[in-house]
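Structure first, commentary second.
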2 protein chains.
Amino acid sequence: MRRDAPARPVQQHEHNLALVARLAARAGPVSRAWLAQQSGLTKSTVTQLTGELVEGGLLRELGTGRAGGPGRPATLLELNALGPAAIGLQVEADHVAGCLTDLTGRVRDRAIRRAGDLRGEPGLAVRAAEPVLRRLLNTALSTDSVVAGIAVGLPGRVSRTGTVTSAGLGWQGTDLARLLGTRLAVLGGSGIPVTVRASARLAALAEAWFGGEQDAEVLVCVSGEQGLGAGILLDGTVLEGARGAAGDIGHVRVRASGGEPCECGAAGCLDTVAGQTALLRAAGVTEPARSRLAAGEGPLPALVREGERRAVTATRRAGTALGGALGGLASALDPDVIVLGGYLAGLGPRFAEWVGAALGQRCPGFAPSVRVRLSRLPADIVARAAAATVTRGLVDDPARWLAE
Amino acid sequence: MRRDAPARPVQQHEHNLALVARLAARAGPVSRAWLAQQSGLTKSTVTQLTGELVEGGLLRELGTGRAGGPGRPATLLELNALGPAAIGLQVEADHVAGCLTDLTGRVRDRAIRRAGDLRGEPGLAVRAAEPVLRRLLNTALSTDSVVAGIAVGLPGRVSRTGTVTSAGLGWQGTDLARLLGTRLAVLGGSGIPVTVRASARLAALAEAWFGGEQDAEVLVCVSGEQGLGAGILLDGTVLEGARGAAGDIGHVRVRASGGEPCECGAAGCLDTVAGQTALLRAAGVTEPARSRLAAGEGPLPALVREGERRAVTATRRAGTALGGALGGLASALDPDVIVLGGYLAGLGPRFAEWVGAALGQRCPGFAPSVRVRLSRLPADIVARAAAATVTRGLVDDPARWLAE
DNA sequence: TCCTTTTGTTCGTCCAGTAGACTATTTAAG
DNA sequence: CTTAAATAGTCTACTGGACGAACAAAAGGA
């Protein structure tokens, strides 16, 4: 219940600033009159509030728009693309990707650093992130943009205090934000706040923000590179769970008896059937494909398309196992849609059908109403989503930014 | 996302009224000074707000309390037990129970109407509810209390528009609120708002409110009389799902192949193994036990305790099936606690162990951290929880009540 | 008795949103 | 071209409601 929260009286002004900022952000260029009508505030109040937001660099005036009918044409407002920017990083086992976005969420620059193997010592990832960060910070500097924050997405679980435990990276209780923070000082970015998030959750947010699922009340996004994890969105808010483990479905048992042993100590886990390494091995694909790029462009989907027996069987088994595991989740959450992301998105449409069929097998009542589909977002979407958490934070609480 | 909600500016006064009312409700008799300190409002503001709440009959002054140390002793405030009351009804297949509670949630009167079989025509349930309502309304009248609302809990699904679909009662798209509303006019209770809720969700709220689980961030309560359903609470808020079906686990398939046919058309559903009728039959108990009273005081738990083979086997199978189904739910939600309510609570502690063991079998990662236990609440708790939704509604939004 | 401490009220202040008049800028009609 | 209607945005006075400080009330302790 956590009701002992800082029960403080509402700050009306803060709230109304955020209300106006959110409306302007969502609806693109809009007039003050429209904002007033939508928000329920008066025109004068909107004038006041938008004044503060323009002053603070979050909104900008776009000149007068065309008049559709009679009446004075509106001066349009929109998010200020030249205002504060954000950096998103995506740490995977074999590379670090990053992007710089403006307030609207548009990518201004990208960078990627491939590495053989970043697993083990967290310092490896920090070192790999350094050139990425340097480039993006420089790009921001060259366009005179302040970087309002850096957000990192990685496979694993992030505790409430921000420490990371990741089987995929071999980390345990790593305070990545602190490590990156000290590194940032060297790069001339000291003081920029760093946040860390589980990539499964960022992938789910990405589907809602960039994947056309903004209307889904309950969205589940299964993704992962090594192990599988699900991000769950309820009305656009990430479900965390009591210990931050909500959606950790990688170690649900999908083999009734026996099954391959898993890193986690048990056997027959979902990861041992539908995890990337396991799937490639079962399909007889020897090439060490680790990122989604490799899976999506690699041989597996092609083999499945061509009907190669071993590949089809392994992929269908993976889909069936995943669908069965998702059955319990679906009956608990009653989702609108289940999106298959990460390397799963590269497995082709038949995979989604297999997942959907197994889901229907396990809980027939839900199957007809739940959409199961592949993600259409690119492989580095987690970095973009991470950056978007920062810019959305600015829009959702402009007062903090305006206070500088 | 449902963001197109009535985005209206905050009503600061409304919010602060609710803040003060909630604090007073939770902490029992308190002084104005304490409220000011806790809420972050000033003493003068609290004086103003509590004045309105006392005026409106929601709070009452309790006289000056003892002074612990030096200083003027406080005049204590608490929820006004003589203020508005609420009626909760619990409709089951063979009876209608009801209670009248005051603002504090204390039961002032109870009533129950047993009937042979209320399934089929909704009018049967309405007629059975009539004497219950008459008695409770009379009790309220005799103590000069206004009934602020009536809430009904029943097994089944309640759509967003309030219509009920219940396999257990044989209803489909029934607008019970309207039916009861017209009946209420006859009983001199016209105008009292009626709401209808799924009893699984009310049972979950009951565990949070009366069952000692007020601190659980994620609470799952499995309950049911005929079919099983789970109520899910996230930070005290009921999870609804995209179609209002969140937690409907009764028709998750728990038999890989075959399994008994279910009412729903499929086969091998959880209800066919762990539902009450199925369980009693499998255990060889012929007596037609329908309500939890019958199961809890009936022969089954005794037989299990004594180790009668057929009863033990059937109950263990039911527990194993339920635990397996809850595995997927647990990995999705990462709950603090799973409470077994309804007739399951009468199956004894070994049942909970079986459920927990099967849960651990299915997802080992979660098992150690999730408590699985039986409900300690009485059989008619749904009625009390229903009434409490009404009184909590008053405390959570006192402004609406004060506006009369 | 008087001082200290804490409660609760009163009164004046001030912030921020409201109401509505007023100006600005367009289209459409005469 | 002139004028009316429509719409956008600003300005000023007003008001609701929270705040702050001073003060009265009611204790305990020296």
Side-chain angles (χ1 to χ4, degrees), chain A residues 7-21 23-24 27 29-56 59-78 398-399 402-403, chain B residues 7-21 23-24 27 29-56 59-78 398-399 402-403:
Chain A
R8 65 176 186 144
V10 218
Q11 299 310 44
Q12 195 171 7
H13 195 62
E14 266 180 35
H15 182 273
N16 287 342
L17 269 173
L19 184 60
V20 168
L23 282 169
V30 290
S31 69
R32 289 177 175 80
W34 185 90
L35 286 172
Q37 202 205 319
Q38 290 293 311
S39 65
L41 297 163
T42 58
K43 286 188 296 175
S44 21
T45 305
V46 170
T47 297
Q48 164 64 20
L49 295 173
T50 53
E52 290 176 45
L53 293 170
V54 169
E55 178 75 19
L59 291 185
R60 69 179 183 131
E61 277 194 340
L62 198 54
T64 74
R66 270 208 342 88
R72 170 177 168 179
T75 48
L76 298 174
L77 294 162
E78 66 171 7
L402 297 186
Chain B
R8 65 174 187 142
V10 219
Q11 299 310 42
Q12 197 172 8
H13 194 62
E14 267 180 34
H15 182 273
N16 287 343
L17 269 173
L19 184 60
V20 167
L23 281 170
V30 290
S31 69
R32 289 176 174 82
W34 184 89
L35 286 171
Q37 202 205 319
Q38 291 293 311
S39 65
L41 298 163
T42 58
K43 286 187 296 175
S44 31
T45 306
V46 170
T47 297
Q48 164 65 21
L49 295 171
T50 53
E52 290 176 46
L53 293 169
V54 169
E55 179 75 19
L59 291 185
R60 69 178 183 128
E61 278 192 341
L62 198 53
T64 72
R66 269 207 344 87
R72 173 176 168 179
T75 47
L76 298 173
L77 294 162
E78 66 170 7
L402 297 186

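The sequence lines fix the lettering, A, B, ..., with proteins before strands; numbering per chain opens at 1. Only a predicted model underlies this, so the values are computations on that prediction, with no experimental measurement involved.
A close approach under 4.0 Å does not occur between any side-chain nitrogen or oxygen of B:N16 and OP1 or OP2 of D:dG17. Contact check, B:H13 against D:dA18: a side-chain N or O comes under 4.0 Å of OP1 or OP2.
Applying the side chain to side chain donor-acceptor pair (under 3.5 Å) rule to A:E61 yields the partners A:R32; only residues at least two apart in sequence or on another chain are considered.
Within 4.0 Å of A:T45, counting heavy atoms only, lies at least one base atom of the nucleic acid. Here B:T64 lies out of heavy-atom contact (under 4.0 Å) with every strand.
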Between protein and nucleotides 10-14 of chain D, what N or O pairs are separated by less than 3.5 Å?
residue : atom : partner : partner atom : Å
D:dT10  : OP2  : A:T47   : OG1          : 2.9

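With the end axes of the helix from C:dT1-D:dA30 to C:dG30-D:dC1 each set by five pairs, the angle from one to the other reads 10° at 10° resolution.
Rounded to whole Å, the distance from CG on B:L76 to C1' on C:dT6 is 14 Å. Look at CG on A:L35: it is 9 Å from P on D:dG9, rounded to the nearest Å. Counting to the nearest Å, the P atom of D:dA18 and the CD atom of B:Q12 are 6 Å from each other. The nearest whole Å value for the distance from the CD atom in A:E52 to the P atom in C:dC15 is 13 Å. At whole-Å resolution of the value, CH2 in B:W34 and P in C:dG8 are 13 Å apart. In this structure, B:L59 atom CG and C:dG8 atom P are separated by 13 Å, rounded to whole Å. The distance from atom CD of A:E14 to atom P of C:dG17 is 11 Å, rounded to the nearest whole Å. Atoms CG (A:L19) and P (C:dG17) sit 11 Å apart, rounded to a whole Å.
In this structure, CZ in A:R60 is found 11.0 Å from CG in A:L76, a value given to the nearest 0.5 Å. Taken to the nearest 0.5 Å, the NZ atom of B:K43 stands 13.0 Å off from the OG1 atom of B:T50. The CG atom of B:L77 lies 12.0 Å from the CG atom of B:L23; values are rounded to the nearest 0.5 Å. In this structure, the separation between OG1 on A:T75 and CG on A:L62 is 9.5 Å, given to the nearest 0.5 Å.
Comparing atom distances between the A:L49 side chain and each of C:dG8, C:dT5, C:dG17 picks out C:dG17 as nearest. Taking the side chain of A:S31 as heavy atoms from C-beta on, and the options D:dA8, D:dA18, C:dG8, the nearest nucleotide is D:dA8.
Contact between A:L59 and A:A24 at its shortest, heavy atoms only, is CD2-CB, 4.0 Å. The two residues A:L41 and A:L19 come nearest to each other via the heavy atoms CD1-CD2, 4.5 Å. In plain terms, the two heavy atoms of B:A36 and B:V46 that are nearest each other are CA-CG2, 3.6 Å.
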Q.
Working note: B:L402 + B:L53, criterion side chain to side chain contact (heavy atoms under 4.5 Å, CB included); need CA distance, chi angles, decisive distance, verdict.
A. CA-CA 8 Å; B:L402 297 186; B:L53 293 169; 4.3 Å; yes
